[in-house]
Amino acid sequence: VQLQASGGGLVQAGGSLRLSCAASGRAFSRDVMGWFRQAPGKEREFVAAIGWTGVNTYYADSVKFRFTIFRDIAKNTVYLQMNSLTPEDTAVYYCGADSKAPRAPYEYQYWGQGTLVTVSS
């Protein structure tokens with residue numbers, strides 16, 4: 001089972017990026033999938049998660065109304081659309097899958113390798 005995260009890069013403050021997390025090896029159509037991030041010297045923190053139906057979404061307060069998580073079941077892929085980025089959003093972003101607690105990183109069974117997002121001021 002692999003999760004391949006992509007879409008990170010360098011963007012100016014106020015800009016947008018879309019991250020993708022493609023799963024392979026099994027279908028995650030009935031699993032929670034989520035995004036977390038880790039800035040240098042900080043712990044991994046929850047960003048957003050989505051339930052298997054796509055109806056239930058969860059966001060950290062710091063990204064609410066700026067970030068949107070959505071999934072394409074047919075492509076076994078989850079996305080994170082990030083708008084109005086600020087330098088505080090700079091981090092390595094990780095996708096996770098298969099969790100009973102969307103906001104808890106230790107509950108996720110599978111992780112991608114991370115993609116770096118750098119927001120310049």
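Model, not experiment: these values are computed from the prediction.
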Would you compute the distance between atom NZ of Lys64 and atom OG1 of Thr57 and round it to the nearest 0.5 angstrom? 9.5 Å
Assert yes or no for the condition that the ring centre distance of Phe36 to Tyr94 is strictly below 6.0 Å. no
Check the hydrophobic clustering (I, L, V, M, F, W, Y; side-chain heavy atoms under 4.5 Å; chains of links allowed) and say if Val92 and Val78 are grouped together. no
For Ser99 and Pro102, work out which heavy atoms get closest and say how close. OG-N, 4.1 Å
In Å, rounded to the nearest 0.5 Å, how long is the span from CG of Leu3 to OH of Tyr110? 9.0 Å
Counting only heavy atoms from other residues, nucleotides and ligands, does the tally under 6.0 Å from CD of Gln109 exceed 12? yes
Ala49 backbone acceptor or donor facing Arg103 side chain under 3.5 Å: no
Taking the side chain as every heavy atom from C-beta outward, state whether Tyr108 and Val32 have any atom pair closer than 4.5 Å. yes
Quick one: do Met82 and Asp89 satisfy side chain to side chain contact (heavy atoms under 4.5 Å, CB included)? Show the steps, please. CA-CA 9 Å; Met82 306 186 295; Asp89 295 316; over 6 Å; no
Over all heavy atoms of both residues, which pair between Ser121 and Ala13 is shortest? Give the atoms and the distance, please. CA-CB, 4.3 Å
Is the closest side-chain heavy-atom distance between Thr68 and Tyr59 below 4.5 Å? yes
Between Ser84 and Ser16, the two heavy atoms sitting closest are N-OG, 4.4 Å
Are any of the side-chain heavy atoms of Arg66 and Thr86 separated by less than 4.5 Å? yes
Do Trp111 and Pro105 have side-chain heavy atoms sitting under 4.5 Å apart? yes
On a heavy-atom basis, which atom in Arg18 and which in Gln81 lie closest, and how many Å separate them? NE-OE1, 2.7 Å
Please determine whether residues Leu19 and Val119 belong to a single hydrophobic cluster, defined as Ile, Leu, Val, Met, Phe, Trp and Tyr linked transitively by side-chain heavy-atom distances below 4.5 Å. yes
Residues Ser20 and Thr77: closest non-hydrogen pair is CB-CG2, 4.4 Å
Given Trp35, which of Ile50, Val47, Val63 fulfils the side-chain contact (heavy atoms from CB on, under 4.5 Å) condition? Val47
Is Ile69 linked to Phe46 within one hydrophobic cluster, defined over Ile, Leu, Val, Met, Phe, Trp and Tyr using a side-chain heavy-atom separation of less than 4.5 Å? no
For the residue pair Leu17 and Phe67, establish whether any side-chain heavy-atom pair is separated by less than 4.5 Å. no
List the residues meeting side-chain hydrogen bond (donor to acceptor under 3.5 Å, both in side chains) with Asn56, not counting sequence neighbours, and say none if there are none. none
In one Ile/Leu/Val/Met/Phe/Trp/Tyr side-chain cluster, 4.5 Å: Tyr93, Val11: yes
Side-chain heavy-atom pair Met33, Cys95 within 4.5 angstrom cut-off: no
Given side chain to side chain contact (heavy atoms under 4.5 Å, CB included), test Ser62 with Arg37 step by step and report yes or no. CA-CA 12 Å; Ser62 59; Arg37 66 187 182 187; 3.5 Å; yes
Rounded at 0.5 Å granularity, tell me how far CG in Leu10 sits from CD in Gln12. 8.0 Å
Please report the closest heavy-atom contact between Ala48 and Leu80, naming both atoms and the distance. CB-CD1, 4.0 Å
Measure from the side-chain N and O atoms of Gln113 to the backbone N and O of Gln4, and report whether any donor-acceptor pair falls under 3.5 Å. no
